[in-house]
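The next block holds one structure in the form of structure tokens; read it before the comments.
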Amino acid sequence: MEVMVAGKATLVVQPSAFMLSLSIASFLLLFCVLNIGSCENYNDLKNLETEFALTLYQKLAERHNRTNLVISPASISFSLGLLQFGAQGNTLGQLKHALGYNIHDENVQNFLHTAYKEGINSNQSIIVHLACTLFVQAGMQLSPQFVQQAAWWGNNTVQQSNFSDPNRTKAQIREWITQNTGETSCLSLDTIESPLNQIAVVSTIHFRSTWQRKFSFTHTQALSFTTPDGITLKVPAMYLRAEVNYGEFLLSSLDKISVVEIPYLEEKVSMFVVLPSNRRTSLARIETYFSAQTLSLWSSTLRRTAMDIVLPRFKIQNHLDLKWILPALGITDMFDQTEANFKGISEQGGLYISEVFHKAKIEVTEDGTRASGITGKLERIGNDESGKQANAMLLLKRSRAPVFKADRPFNFILSQAKTGKHGLF
């Protein structure tokens, strides 16, 4: 329903771990079925979440051209939704316009809250966890209604902190992130030391699952991979022979792409890999055609096919400053100490967003996939003039089966489907 991870990376070889970060655009997605409201209304919300994710990704991809890039739009939209509860006036209007919905609408609240609560769950084969919380300066008077809404929305209580003791606050935030993602590393929290900090908004998302049919470690060999710059490198490539859903599509630009679906355990989640057929076709070119409608069309028209799959083993991680990207989506006032209006959080006034940090990580191996995303926002009160900102050949068995060989930049989508429809998470 909302995008979990999206990204692009240039080639970075890590010999010690024999791991690879490729020029890949990635989307970690989830679709859950809600038995509330009308199907039409739910699909509208699902599509709005998807479009927000794709727009956010495209803006970041433009800024981080040919560099490693992975983001978690679900983590970002989740925390922006929380801020809507406390925003008023034009600040609220900009958040509503960027996300495409008004969180104060009771139907929207019920849809999204139920999706977060029921669609994001864990069992023995799949772990998906989304959480959000606020760390608030002790003694600050918050609106009781906002505290109640925040606890309900983030499935967590507001936690008191002491920003005058930055080391303790950093440890508190890191401990919460570790509890919700299992990750020991986290956001850069250097700006926590500012005495003007009053609130830190932190959201996390964590995904882990095993392939239905694992790639064999004994079949992993060196593969020639061509980067966007035309450089050919040897990378660790995984191999799998299986019957999967597969399709070929012709875009209106006459560019041809291939799409293969690789399921995870119990087939509740799948990875959709999108590969340009022409080696000279860039990811940026085909990504312009990505939309909620096209992704749904592709996934619903795949056909069962026995084939050989060659996929690089890779790992992508980023720590990003979103303060310079969100304004491209029309979100500007919340960063302006004179224009920001968060009186719904506290009548004391003077609150504005000083920084927006985001960290996302995804790793794909022979066993399966692990991904996480963390978004942090700092709210300050008063005038901040400090100027500080956070800123080998793979041998295949002789076969007549078609071969899907990702030996050049590709996109991938992780999606959970309980119906024939798919949506972004």
Side-chain angles (χ1 to χ4, degrees), residues 72 75-76 78-83 85-87 129-144 146-206 317-323 326 334-335 337 340 342 344-361 372-391:
S72 170
S75 172
I76 297 169
F78 192 58
S79 52
L80 290 178
L82 175 60
L83 288 177
F85 284 118
H129 182 67
L130 178 63
C132 182
T133 198
L134 280 79
F135 298 89
V136 181
Q137 177 64 33
M140 185 177 185
Q141 298 299 315
L142 300 179
S143 163
F146 177 77
V147 172
Q148 182 180 9
Q149 290 171 326
W152 173 80
W153 179 251
N155 196 26
N156 224 308
T157 57
V158 176
Q159 300 189 33
Q160 288 193 341
S161 297
N162 183 3
F163 288 97
S164 62
D165 187 349
N167 291 331
R168 184 174 180 179
T169 301
K170 290 178 184 179
Q172 182 184 13
I173 295 176
R174 288 194 173 104
E175 181 182 0
W176 183 86
I177 291 174
T178 299
Q179 289 174 351
N180 285 278
T181 66
E183 298 286 339
T184 54
S185 61
C186 68
L187 299 167
S188 172
L189 300 173
D190 293 340
T191 53
I192 286 292
E193 299 180 7
S194 170
L196 297 172
N197 289 331
Q198 297 293 300
I199 300 176
V201 184
V202 182
S203 65
T204 64
I205 193 163
H206 179 68
Q317 177 173 298
N318 277 115
H319 186 179
L320 304 169
D321 179 3
L322 299 184
K323 184 177 180 180
L326 293 179
M334 73 179 193
F335 298 109
Q337 56 188 315
F342 287 108
I345 296 179
S346 173
E347 285 294 339
Q348 290 180 221
L351 288 174
Y352 69 101
I353 304 295
S354 61
E355 313 286 353
V356 181
F357 308 111
H358 181 68
K359 181 177 180 180
K361 176 182 179 180
S372 62
I374 306 167
T375 300
K377 298 178 175 63
L378 291 176
E379 295 201 28
R380 296 180 182 173
I381 187 168
N383 183 24
D384 180 9
E385 298 178 347
S386 64
K388 185 176 182 181
Q389 299 174 351
N391 297 340

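It should be emphasised that the depicted structure is a prediction, and the values quoted were computed from it without experimental measurement.
- The two residues Tyr352 and Phe335 come nearest to each other via the heavy atoms CD1-O, 3.8 Å.
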Verdict with reasoning, Gln159 to Val202, per side chain to side chain contact (heavy atoms under 4.5 Å, CB included): CA-CA 11 Å; Gln159 300 189 33; Val202 182; over 6 Å; no

Check against side chain to side chain contact (heavy atoms under 4.5 Å, CB included), Ile353 and Leu326: CA-CA 12 Å; Ile353 304 295; Leu326 293 179; over 6 Å; no

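- Within the 3.5 Å criterion, the main-chain N or O of Phe342 finds no donor-acceptor partner in the side chain of Ser346.
- Atom CZ of Phe85 sits about 10.5 Å away from atom CD of Gln148, to the nearest 0.5 Å.
- Using a distance-only test at 3.5 Å, with no hydrogens or angles considered, a donor-acceptor pair links the side chain of Gln172 to the main chain of Gln160.
- In this structure, Gln348 contributes its side chain and Gln141 its backbone to a donor-acceptor pair below 3.5 Å.
- A distance of 11.0 Å separates CD in Gln137 from CG in Leu142, rounded to the nearest 0.5 Å.
- In this structure, Ser354 OG and Gln337 CD are separated by 10.5 Å, a value rounded to the nearest 0.5 Å.
- In this structure, the separation between CG on Leu83 and CE on Met334 is 6.0 Å, given to the nearest 0.5 Å.
- The shortest non-hydrogen separation linking Leu82 to Cys132 is CD2-SG, 3.5 Å.
- Closest heavy-atom contact between Ala200 and Phe163: N-CZ, 3.8 Å.
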Intermediate values then yes/no, side chain to side chain contact (heavy atoms under 4.5 Å, CB included), Phe135 and Thr169: CA-CA 9 Å; Phe135 298 89; Thr169 301; 5.5 Å; no

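- Atom-to-atom distance recorded for Arg168:CZ and Asn162:CG is 7.0 Å, nearest 0.5 angstrom.
- To the nearest 0.5 angstrom, Leu322 atom CG is 9.0 Å from Leu80 atom CG.
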